[in-house]
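Owing to the predicted nature of the structure, the values given are computational and were not obtained by experimental measurement. Note on naming: letters A, B, ... go to the chains in the order of the sequence lines (proteins, then strands), and numbering restarts at 1 for each one.
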Amino acid sequence: MPLALPKASRQECDQMNLFSDIRELVIAALDDLAAQGTLPAGLDLAAVAVEPPRDAAHGDMATNAAMVLAKPSGLQPRIIADALAARLMQDPRIAGADVAGPGFLNLRLDPAVWHNLLRATLTQGVDYGRSSLGQGLRVNVEFVSANPTGPMHVGHVRGAVFGDALARLLAFTGWDVTREYYINDGGAQVDVLARSAFERYREANGLEPEIREGLYPGDYLIPVGEALKDKYGATLLDQPESVWLTEVRDFATELMMAEIRNDLRVLGVEMDVYSSEKALYGTGKIEAAIDRLRAQGLIYEGILEPPKGKTPEDWEPREQTLFRSTAHGDDVDRPVKKSDGGWTYFAPDIAYHYDKVERGFDALIDIFGADHGGYVKRMKAAVSALSNGRVPLDIKLIQLVKLYKNGEPFKMSKRAGTFVTLRDVVEQAGADVTRFVMLTRKNDAALDFDFDKVLEQSKDNPVFYVQYANARINSVLRKARDAGIDVSDQSLLAADISILTHEAELAMARKIAEWPRLVEIASRNNEPHRVAFYLYELASDFHGLWNRGNDDSSLRFIQDGDIATSQAKIALARSVSVVICAGLGILGVTPVEEMR
RNA sequence: GCACCCAUAGCUCAGCUGGAUAGAGUGCUGCCCUCCGAAGGCAGAGGUCAUAGGUUCGAAUCCUAUUGGGUGCGCCA
């Protein structure tokens with residue numbers, strides 16, 4: 001959902017996004033050309049872009065202005081490009097402007113631009129790249145929302161990490177973010193939990209548990225049974241289910257949620273709000289949400305067509321209460337009541353999302369497992385109807401994680417109780433590694449998680465590679481300090497950075513300049529994985545520069561006996577470190593200063 | 001049958017919401033340690049971006065169809 005921003009606020013808050021700065025320069029130049037009559041007035045400049053060129057040999061930045069304006073202006077791209085180039089050359093920041101290819105204008109920037117950029121990076125620290133893109137609007141990110149029937153397993157981890165990183169990314173780009181967990185404690189599965197826990201309670205009282213088919217067999221319920229015994233002694237043993245079900249259910253659910261909160265904390269995820277499905281029942285909230293839809297003529301009694309080609313055997317036409325989701329883009333209308341008159345799961349979901357709309361959020365994001373892909377359209381339809389199209393809902397589907405150990409697939413069986421828990425993963429791989437690796441794929445692609453590879457210390461492990469770059473930089477800082485060089489950010493800022501003129505060093509600065517732009521793109525698309533990939537590239541460039549120092553000692557960061565030069569070069573390294581720390585911060589990964 | 005997601009180098013994947021000669025890692029081939037850290041470095045080979053059309057100055061990217069894979073499709077959440 002791209003948002004148009006007034007120029008003034010952009011300049012105040014996003015001081016050092018070079019790409020938007022130069023784009024504004026290009027736009028201003030085009031306005032001048034229009035004022036002079038070189039270009040027709042009133043052209044739509046929205047499609048004018050300033051981007052990094054694919055090949056660095058083409059220059060520092062490229063703009064497509066001449067090509068996108070050729071048709072609406074009725075002029076040849078070459079004519080526009082030449083005029084624009086001449087106009088841009090009047091700005092001190094532009095050192096060169098060459099027309100190339102089909103009409104690209106390649107810009108070379110004055111080295112002082114890069115030097116300013118490095119100073120800005122050091123000044124702003126890990127706030128470098130922060131923006132006002134979200135304009136302080138309120139966004140609700142709902143994620144994890146695992147059923148409170150057991151500890152979190154590895155399948156939940158990716159959703160948790162993704163949601164948390166997305167929340168951090170949005171906060172970094174100017175959104176007011178609420179992280180929310182929807183507790184599915186209103187359905188039959190929590191009754192199953194209660195019955196399973198009750199068997200463990202009998203076990204704690206010295207009786208033989210009967211873990212019947214359909215109950216949860218996992219050992220994690222044994223402590224729950226013991227806790228029940230501590231609370232109730234033997235008093236529930238001879239009671240019928242009708243007496244204990246509600247109490248045991250609430251008790252067990254609460255313990256499971258405590259467990260889940262703990263698991264999330266281990267991963268470094270803190271929720272702002274926990275919402276309960278159960279709490280929606282009996283309050284009239286579900287009825288109110290349905291009535292709201294009814295008032296729009298979107299609720300009716302009707303009979304659904306059976307799915308074609310694959311009709312369930314026990315299918316029979318049945319009149320049901322339906323939500324006319326097709327009026328808001330869905331393929332078929334969806335039932336909100338079961339045949340026994342109770343709500344379907346969809347009804348409380350509608351009420352829950354209505355509640356989020358009512359709480360005043362400007363945008364909603366749901367993070368679902370890929371197996372819930374079938375609910376995307378109906379959920380969007382519901383939010384569209386409930387908010388009169390005001391509140392956009394983006395739903396990100398998280399694909400499966402395939403576990404590997406020694407290159408072999410690692411099978412999980414829920415029934416045998418041998419699933420890999422979140423705790424297992426974090427204990428073996430560590431929270432930082434787990435988080436980073438989970439973000440090295442886009443959310444809609446399946447991800448392989450190999451316990452051996454993620455702990456490997458080599459170049460093909462992106463976590464290590466990025467951390468290693470930061471550690472190297474800190475190693476330089478330590479060495480410089482030992483050599484008596486002042487490497488505080490203040491004194492680096494005071495250093496004469498303009499002596500950095502080597503093409504490799506300016507290329508490094510160019511990569512740093514991409515950070516604010518990358519963050520913006522990642523945020524607009526709700527794609528935190530882009531941050532992880534950028535960090536890998538940044539680290540790779542840094543390692544490359546480091547290695548060139550092996551052959552060309554003038555590229556080393558510490559120049560013996562030349563404090564001024566050393567400080568300038570260290571300022572560059574320190575800037576890289578700042579961006580790595582900012583990026584890792586978005587991913588929720590702790591930067592390390594030393595490899596062990 | 002329908003909907004959604006996916007298809008890019010031998011393998012695992014990026015690819016900037018339409019830009020220039022499609023990029024990394026890994027694997028393969030060949031070089032390189034007296035070196036701020038070789039847990040590496042440099043270079044090379046490797047592509048019909050699943051297929052066929054369309055849209056336009058320009059398509060891996062957008063549209064249509066087809067093929068192949070995944071997920072889901074009333075009384076489970």
### Task
Verify the stacking flag for A:Phe533 against B:rA14: centroid separation must be under 5.5 angstrom and the ring planes must differ by under 30 degrees.
no
### Query
Phosphate oxygens OP1/OP2 of B:rC57: is one of them under 4.0 Å from a side-chain N or O of A:Lys71?
yes
### Task
Please determine, for B:rG40, whether a Watson-Crick or G-U wobble partner exists with both distances under 3.5 Å, and give it or none.
B:rC32
### Message
Less than 4.0 angstrom from a charged side-chain N to a carboxylate O is my criterion; do A:Arg524 and A:Glu520 meet it?
### Response
yes
### Task
Would you classify B:rC49 as syn or anti? Syn applies when the glycosidic angle is within 90° of 0.
anti
### Query
A:Asp444 side chain: which of B:rC57, B:rC5, B:rG74 is closest?
B:rC5
### Query
Expressed as a whole number of Å, how far does the C1' atom of B:rA3 sit from that of B:rU56?
31 Å
### Query
Taking only side-chain nitrogens and oxygens of A:Lys377, does any of them come within less than 4.0 Å of OP1 or OP2 of B:rC73?
no
### Message
Of the listed nucleotides (B:rC75, B:rU71, B:rC36), which one gets closest to any side-chain atom of A:Arg318?
### Response
B:rC75
### Query
Hey, is A:Trp546 doing a stacking thing with B:rC36, by the 5.5 Å centroid and 30° angle criteria?
yes
### Message
Quick one: does any side-chain atom of A:Tyr181 pair with a main-chain N or O of A:Ala146 as donor and acceptor, under 3.5 Å?
### Response
yes
### Side-chain N or O of A:Arg378 closer than 4.0 Å to phosphate OP1/OP2 of B:rC73
no
### Task
Take the protein atom CD of A:Glu51 and the nucleotide atom C1' of B:rG18, then report the distance between them rounded to whole Å.
10 Å
### Message
Quick check for you: among B:rC16, B:rU12, B:rG41, whose closest atom lies nearest to any side-chain atom of A:Asp448?
### Response
B:rU12
### Task
Please give the nucleotide sitting opposite B:rC11 as a Watson-Crick or G-U wobble pair, both distances under 3.5 Å, or none.
B:rG25
### Task
Considering only atom C1', compute the distance from B:rU8 to B:rG47 and round it to an integer number of Å.
8 Å
### Query
With a 4.0 Å cut-off on heavy atoms, is A:Ala446 in touch with a base, just the backbone sugar-phosphate, or nothing at all?
sugar-phosphate
#### Entry: Closest to the A:Lys442 side chain, choosing from B:rG74, B:rC36, B:rA7
B:rA7
### Query
So what does A:Lys337 hit on the nucleic acid, given a heavy-atom distance under 4.0 Å: a base, only sugar-phosphate, or nothing?
nothing
### Message
What is the distance, to the nearest angstrom, from the CG atom on A:Asn526 to the C1' atom on B:rU17?
### Response
13 Å
### Strand partner of B:rA45, provided both Watson-Crick or wobble distances fall under 3.5 Å
none
### Query
Any ion pair linking A:Lys356 and A:Glu142 (charged N to carboxylate O, less than 4.0 Å)?
yes
### Query
NA contact type, A:Gln189, heavy-atom cut-off 4.0 Å: base, sugar-phosphate, or nothing?
sugar-phosphate
### Summary
Whole-Å distance, A:Leu397 CG to B:rG72 C1', equals 11 Å
### Query
Considering only the P atoms, how many Å lie between B:rC2 and B:rU17, rounded to the nearest integer?
34 Å
### Query
Under 4.0 angstrom, heavy atoms only, what part of the nucleic acid is A:Ala70 near: base, sugar-phosphate, or nothing?
nothing
#### Entry: Among B:rG15, B:rG40, B:rA3, the one nearest A:Asp331 by side-chain distance
B:rA3
### Task
Tell me what A:Arg334 touches on the nucleic acid: a base, only sugar-phosphate, or nothing, going by heavy atoms under 4.0 Å.
nothing
### Query
For the side chain of A:Arg530 and the base of B:rC16, is some donor closer than 3.5 Å to an acceptor across the two?
no
### Query
Is the shortest side-chain N to carboxylate O distance from A:Glu537 to A:Lys511 below 4.0 Å?
yes
### Task
Looking at every strand, decide which applies to A:Asn106 at a 4.0 Å heavy-atom threshold: base, sugar-phosphate, or nothing.
base
### Query
What is the nucleic acid contact for A:Ala47, judged by heavy atoms within less than 4.0 Å: base, sugar-phosphate only, or nothing?
nothing
### Task
Counting Watson-Crick and G-U wobble pairs only, both distances under 3.5 Å, name the nucleotide matched with B:rA52, or none.
B:rU64
#### Entry: Option among A:Thr253, A:Asp250, A:Asn184 that satisfies the side chain to side chain donor-acceptor pair (under 3.5 Å) test with A:Lys278
A:Asp250
### Any donor-acceptor N/O pair under 3.5 Å between B:rC16 base and A:Arg517 side chain
yes
### Query
Between atom CZ in A:Arg478 and atom P in B:rC36, what is the gap in whole Å?
16 Å
### Query
Between the main-chain N or O of A:Val466 and the side-chain N or O of A:Asn470, is there a donor-acceptor pair closer than 3.5 Å?
no
### Query
A:Glu527 near the nucleic acid: base, sugar-phosphate alone, or nothing, with a heavy-atom cut-off under 4.0 Å?
nothing
### Check: A:Tyr281 side chain, A:Pro348 main-chain N or O, donor-acceptor pair, under 3.5 Å
no
### Query
What nucleic acid atoms does A:Asp340 come within less than 4.0 Å of, heavy atoms only: base, sugar-phosphate, or nothing?
nothing
### Task
Give a yes or no on whether the backbone of A:His543 and the side-chain of A:Asn547 come within a donor-acceptor separation of less than 3.5 Å.
yes
### Query
Salt bridge between A:Glu503 and A:Arg548, side-chain N to carboxylate O under 4.0 Å?
yes
### Query
If the C1' atom of B:rA24 is compared with that of B:rC76, how far apart are they to the nearest Å?
43 Å
### Message
Need the pair for B:rC2. Rule: Watson-Crick or G-U wobble, both distances under 3.5 Å, any strand; none if unpaired.
### Response
B:rG72
### Summary
Side-chain atoms of A:Leu304 come closest, of B:rG19, B:rG72, B:rG74, to B:rG74
### Query
If only side-chain N and O atoms of A:His372 are considered, is one of them under 4.0 Å from the OP1 or OP2 phosphate oxygen of B:rA3?
no
### Query
From B:rC16, B:rA20, B:rG74, pick the nucleotide closest to the side chain of A:Trp315?
B:rG74
### Task
State the pairing partner of B:rU17; accept Watson-Crick or G-U wobble contacts with both distances under 3.5 Å, and report none otherwise.
none
### Query
Salt bridge or not for A:Asp349 and A:Arg334, using N-O below 4.0 Å?
no
### Message
Using a 4.0 Å heavy-atom cut-off to protein, can you give one letter per nucleotide of nucleotides 59-70 of chain B, 5' to 3': B if the base is in contact, S if only the sugar-phosphate is, - if neither?
### Response
------------
### Query
Among the nucleotides B:rU71, B:rC16, B:rC57, which one has an atom lying closest to any side-chain atom of A:Asp371?
B:rU71
#### Entry: Donor-acceptor under 3.5 Å (A:Asp185 side chain, A:Ser276 main chain)
no
### Query
Within the structure shown, what part of the strands sits under 4.0 Å from A:Val68 by heavy-atom distance: base, sugar-phosphate, or nothing?
base
#### Entry: For atom CG of A:Leu545 and atom P of B:rG41, their distance in whole Å
14 Å
